[in-house]
Asks: 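This is the structure, below, for whatever I ask next.
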Amino acid sequence: MSGASEPARVRLTVVVLRVGLTGGIGSGKSEAAARFAELGAVVIDSDRLAREVVAPGSDGLAEVVSAFGPGVVTTGGVLDRPALGRLVFGDEAARRRLEAIIHPRVRARAEALTLAAPPDAVVVNDVPLLVEAGLAPAYHLVVVVQAAETVRVDRLARGRAMVEAEAWARIRAQASDEQRAAVADVVLANDGSPAELAGRVRALWTDRLVPYERNVRLRRPDPPTKLAIVPYDPSWPAQFARVAARVTRAVGPTALRVDHVGSTAVPGLAAKDVIDAQLVVASIEDADAAAEALAGAGFPRYPGQWVDNPKPDAPDPAAWTKRLHGGADPGRPVNLHVRAAGSPAVRYALLMRDYLRAVPAERDGYAGMKRELAGRIRSRPEYTQAKEPWFDAVWSRMTAWAGRTGWTPPA
């Protein structure tokens, strides 16, 4: 439930929506970037920046020459990319030396361009090695352009005059489709025509990116409007992992732990398609101090104070106080419960999750109750309130189970 008081406001910093765009060689990532630019995005091309930071006379080029020798520069003083490629392709140590020179400079230049963007911009960072460099949590949304490898080989042969063996070698040297899918919030299929890809980009822009940008700029959560119970989605844990990575990056060491809780954390349990995450911090004061960083990462705070419903025999109801944040992304509803270490609500959320995971009969009974309520209740607050008698009834069974099994909260 919410209360009336609210902590002092902090000054809001300007945060633009950052989209990470990636895809394997030949997937059509550059085509997608061009379509985003036509729609009004500020596109930052990491490949172009990588060329700029080793332009003639740059300190980046000087460091490359120092590391790999004068043979990587033409007589005109320009980086000889084929010569450099022959040195680093297939040589892991050499590739990492080159990346240590190029990547920090590219990131610094990209950050400067992002800071110079208008306050209502959607900044699309075209980053070929986003997965390999572990950059996904730095973006509000990661978009992966994907095409079948055979399609990509054909495009490389036709568009870049690559022989088939070279095309396959380039593909194999990059992250796999599975690795990209693990960090992707959106996968844009691009096995068809440019017009089909343009339509998918336009739909993503209109339906998700434009409202997402507005929500981030206004520090406004985007709560789900439909009260619908759907079958368990095996991708929910991976979706939580992406949320947790962004939350952890946003607040740094303030995050003592981030856990997947709620119904989407229980395999086999039908649920509302909302990821519930629990961020544990040292104190409620730390929760308040982290509010702006979380908002900037795409998880604005709901106004007011929030108190979880204390369970039967709770000695200190005030200890159930929390801060509630919501996802600003209209395509991925999130409830982020920020609780202080030692709060009984922290233990309760983890115990409920693990109990339902361990006792299928309770899980299935809970699912049936939710379906019944969702079938006759349309108001989300009323639905939440109607579930409380079940939670109160299961309390004794759950605590008895914890005692029998020796359950303790995960370390």
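Numbering starts at 1 and runs along the sequence shown.
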Asks: Less than 4.0 angstrom from a charged side-chain N to a carboxylate O is my criterion; do Asp126 and Arg48 meet it?
Replies: no
Asks: With a 3.5 Å distance limit and no angle check, can you tell me whether Ser343 reaches the backbone of Ala319 through a side-chain donor-acceptor pair?
Replies: yes
Asks: Would you name the heavy atoms of His325 and Phe299 that are closest together and state the gap between them?
Replies: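 Smallest heavy-atom distance, with atoms named: ND1-O, 2.8 Å.
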Asks: Report the distance from atom CZ of Phe36 to atom CG of Leu209, rounding to the nearest 0.5 Å.
Replies: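 With rounding to 0.5 Å, CZ (Phe36) is 5.5 Å from CG (Leu209).
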Asks: Grab the two heavy atoms, one from Arg155 and one from Ala147, that are nearest each other, plus how far apart they are.
Replies: NH1-CB, 3.7 Å
Asks: In this structure, is the centre-to-centre distance between the rings of Trp395 and Phe391 below 6.0 Å?
Replies: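 Between Phe391 and Trp395, the centre distance exceeds or equals 6.0 Å.
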Asks: One pair to check against side chain to side chain donor-acceptor pair (under 3.5 Å): Arg180 and Gln146. What are the steps and the verdict?
Replies: CA-CA 9 Å; Arg180 291 192 190 92; Gln146 187 169 291; over 6 Å; no
Asks: Closer than 3.5 angstrom, by distance alone: can the side chain of Gln179 be matched with the main-chain N or O of Ser176 as a donor-acceptor pair?
Replies: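 Yes, Gln179 side chain to Ser176 backbone: donor-acceptor pair under 3.5 Å.
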Asks: Determine, for Arg219 against Glu292, whether the closest basic-nitrogen to carboxylate-oxygen distance falls under 4.0 angstrom.
Replies: yes
Asks: Assess, by modelled atom type and distance only, whether the side chains of Gln239 and Arg332 contain a donor and an acceptor separated by less than 3.5 Å.
Replies: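 Yes, side-chain donor-acceptor contact under 3.5 Å.
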Asks: Please check if the side chain of Thr206 supplies one atom and the backbone of Arg202 the other of a donor-acceptor pair under 3.5 Å.
Replies: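 Checked: pair present.
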Asks: Are Arg105 and Glu63 packed together at the side-chain level, in the sense that at least one heavy-atom pair is separated by less than 4.5 angstrom?
Replies: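 Sidechains of Glu63 and Arg105: in contact.
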Asks: Between Val42 and Val122, does a side-chain contact (heavy atoms from CB on, under 4.5 Å) hold up when you go through it step by step?
Replies: CA-CA 6 Å; Val42 174; Val122 175; over 6 Å; no
Asks: Please determine if Glu382 and Lys387 form a salt bridge, counting it only when a charged side-chain N lies under 4.0 Å from a carboxylate O.
Replies: no
Asks: Tell me yes or no: between the side chains of His260 and Asp276, is some donor less than 3.5 Å from an acceptor?
Replies: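 Their side chains do not contain a donor-acceptor pair, so the 3.5 Å distance test is not met.
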Asks: Report the C-alpha separation of Asp91 and Arg86 in whole Å, then their side-chain angles, then the decisive distance to 0.1 Å, and conclude whether the salt bridge (charged side-chain N to carboxylate O under 4.0 Å, His left out) test is met.
Replies: CA-CA 9 Å; Asp91 184 334; Arg86 288 190 292 271; over 6 Å; no
Asks: Do Asn309 and Trp320 get their side chains close enough for a donor-acceptor pair, meaning under 3.5 Å?
Replies: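 Side chains of Asn309 and Trp320: no pair found under 3.5 Å.
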Asks: Is it the case that the side chain of His140 and the backbone of Gly296 share a donor-acceptor pair, with hydrogens and angles ignored and the cut-off at 3.5 Å?
Replies: yes
Asks: So that I can tick it off, tell me whether Asp191 and Arg152 are bridged by a salt bridge, with the cut-off set at under 4.0 angstrom between side-chain N and carboxylate O.
Replies: no
Asks: May I have the step-by-step check of side-chain contact (heavy atoms from CB on, under 4.5 Å) for Leu21 and Asn125, ending in yes or no?
Replies: CA-CA 6 Å; Leu21 176 66; Asn125 291 262; over 6 Å; no
Asks: Assess the residue pair Leu17 and Arg217 against the criterion (side-chain contact (heavy atoms from CB on, under 4.5 Å)); give the C-alpha distance rounded to whole Å, side-chain angles, the decisive distance to 0.1 Å, and a yes or no.
Replies: CA-CA 8 Å; Leu17 188 74; Arg217 174 164 40 89; over 6 Å; no
Asks: Return the minimal non-hydrogen interatomic distance between Asp273 and Trp236, and the atom names on each side.
Replies: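 Shortest heavy-atom separation between Asp273 and Trp236 comes out as OD1-NE1, 2.8 Å.
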Asks: More than 12 foreign heavy atoms under 6.0 Å from CZ of Arg380: is that the case here?
Replies: yes
Asks: Do the side chain of Trp306 and the main chain of Pro303 share a donor and acceptor less than 3.5 angstrom apart?
Replies: yes
Asks: In this structure, which one of Val16, Val19, Asp120 forms a side-chain contact (heavy atoms from CB on, under 4.5 Å) with Glu213?
Replies: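 Only match with Glu213 under side-chain contact (heavy atoms from CB on, under 4.5 Å): Asp120.
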Asks: Looking at CZ of Arg339 and CG of Asp259, how far apart are the two atoms once the value is rounded to the nearest 0.5 Å?
Replies: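 Answer rounded to 0.5 Å: 10.5 Å.
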Asks: Identify the two heavy atoms, one from Pro330 and one from Asp207, that lie closest to each other, and give their separation to 0.1 Å.
Replies: CG-O, 4.1 Å
Asks: If you measure from CD on Gln278 to NE2 on His337, what distance do you get to the nearest 0.5 Å?
Replies: 8.0 Å
Asks: For Gln385, does the CD atom sit with more than 12 other heavy atoms under 6.0 Å from it, leaving out its own atoms?
Replies: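 Incorrect, the count does not exceed 12.
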Asks: Compare all side-chain heavy atoms of Tyr366 with those of Val266 and state whether any distance is below 4.5 angstrom.
Replies: no
Asks: Does a side-chain heavy-atom distance below 4.5 Å link Phe240 with Thr264?
Replies: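 Heavy-atom side-chain distance check fails, nothing below 4.5 Å.
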Asks: Decide, yes or no, whether a salt bridge links Glu111 with Arg18 under the criterion of side-chain N to carboxylate O below 4.0 Å.
Replies: yes
Asks: Could you tell me whether a side-chain N or O of Arg160 sits under 3.5 Å from a main-chain N or O of Gly26, the two making a donor and an acceptor?
Replies: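 Checking the backbone N and O of Gly26 against the side chain of Arg160, no donor-acceptor pair under 3.5 Å is found.
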Asks: Decide, yes or no, whether a salt bridge links Asp185 with Arg246 under the criterion of side-chain N to carboxylate O below 4.0 Å.
Replies: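 The answer is yes: the pair qualifies as a salt bridge.
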Asks: Counting distance only, does the side-chain N/O of Arg97 pair as donor-acceptor with the main-chain N or O of Ala67 below 3.5 Å?
Replies: no
Asks: Measuring from atom CZ of Arg220 to atom CZ of Arg214, what distance do you get when rounded to the nearest 0.5 angstrom?
Replies: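 Nearest 0.5 Å value for the CZ-CZ distance: 6.5 Å.
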Asks: Please name the pair of heavy atoms, one in Gly268 and one in Tyr232, separated by the smallest distance, quoted to 0.1 Å.
Replies: N-CG, 3.3 Å
Asks: Please report the closest heavy-atom contact between Asp354 and Trp401, naming both atoms and the distance.
Replies: O-CH2, 3.9 Å
Asks: With a 4.5 Å limit on heavy-atom distance, are the side chains of Val261 and Leu350 in contact?
Replies: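 Of all side-chain heavy-atom pairs linking Leu350 with Val261, at least one is under 4.5 Å.
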Asks: For the residue pair Leu141 and Arg208, establish whether any side-chain heavy-atom pair is separated by less than 4.5 Å.
Replies: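 Contact flag for Leu141/Arg208 side chains = yes.
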Asks: Quick one: does Val338's side chain get under 4.5 Å of Leu324's, heavy atoms only?
Replies: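 A side-chain contact under 4.5 Å is absent here.
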Asks: Would Ile102 and Val53 count as a side-chain contact (heavy atoms from CB on, under 4.5 Å) if you check the C-alpha gap in whole Å, the side-chain angles of each, and the deciding distance to 0.1 Å?
Replies: CA-CA 7 Å; Ile102 302 295; Val53 299; 4.3 Å; yes
Asks: Can Ser263 and Lys370 be counted as having a side-chain donor-acceptor contact under 3.5 angstrom?
Replies: yes
Asks: CG of Leu129 to OG1 of Thr22: how many Å apart, nearest 0.5 Å?
Replies: 7.0 Å
Asks: Answer yes when Arg172 and Glu149 have at least one side-chain N-carboxylate O distance shorter than 4.0 Å, and no when they do not.
Replies: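 The answer is yes: the pair qualifies as a salt bridge.
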Asks: To the nearest 0.5 Å, what is the distance between OG (Ser30) and CG (Asp45)?
Replies: 6.5 Å
Asks: Decide yes or no for Asp288 and Ile284: does some side-chain heavy atom of the first lie under 4.5 Å from some side-chain heavy atom of the second?
Replies: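 The answer is yes, as the side chains (C-beta and beyond) meet within the 4.5 Å cut-off.
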Asks: Is a side-chain donor or acceptor of Arg257 paired with a backbone partner of Pro410 at a separation under 3.5 angstrom?
Replies: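 Confirmed, Arg257 side chain pairs with Pro410 backbone.
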Asks: Does any part of the side chain of Gln174, heavy atoms only, come nearer than 4.5 Å to the side chain of Glu132, both counted from C-beta?
Replies: yes
Asks: Indicate yes or no for a side-chain donor-acceptor contact from Thr248 to the backbone of Ala245 under 3.5 Å, with no hydrogens or angles considered.
Replies: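 It does not hold such a pair.
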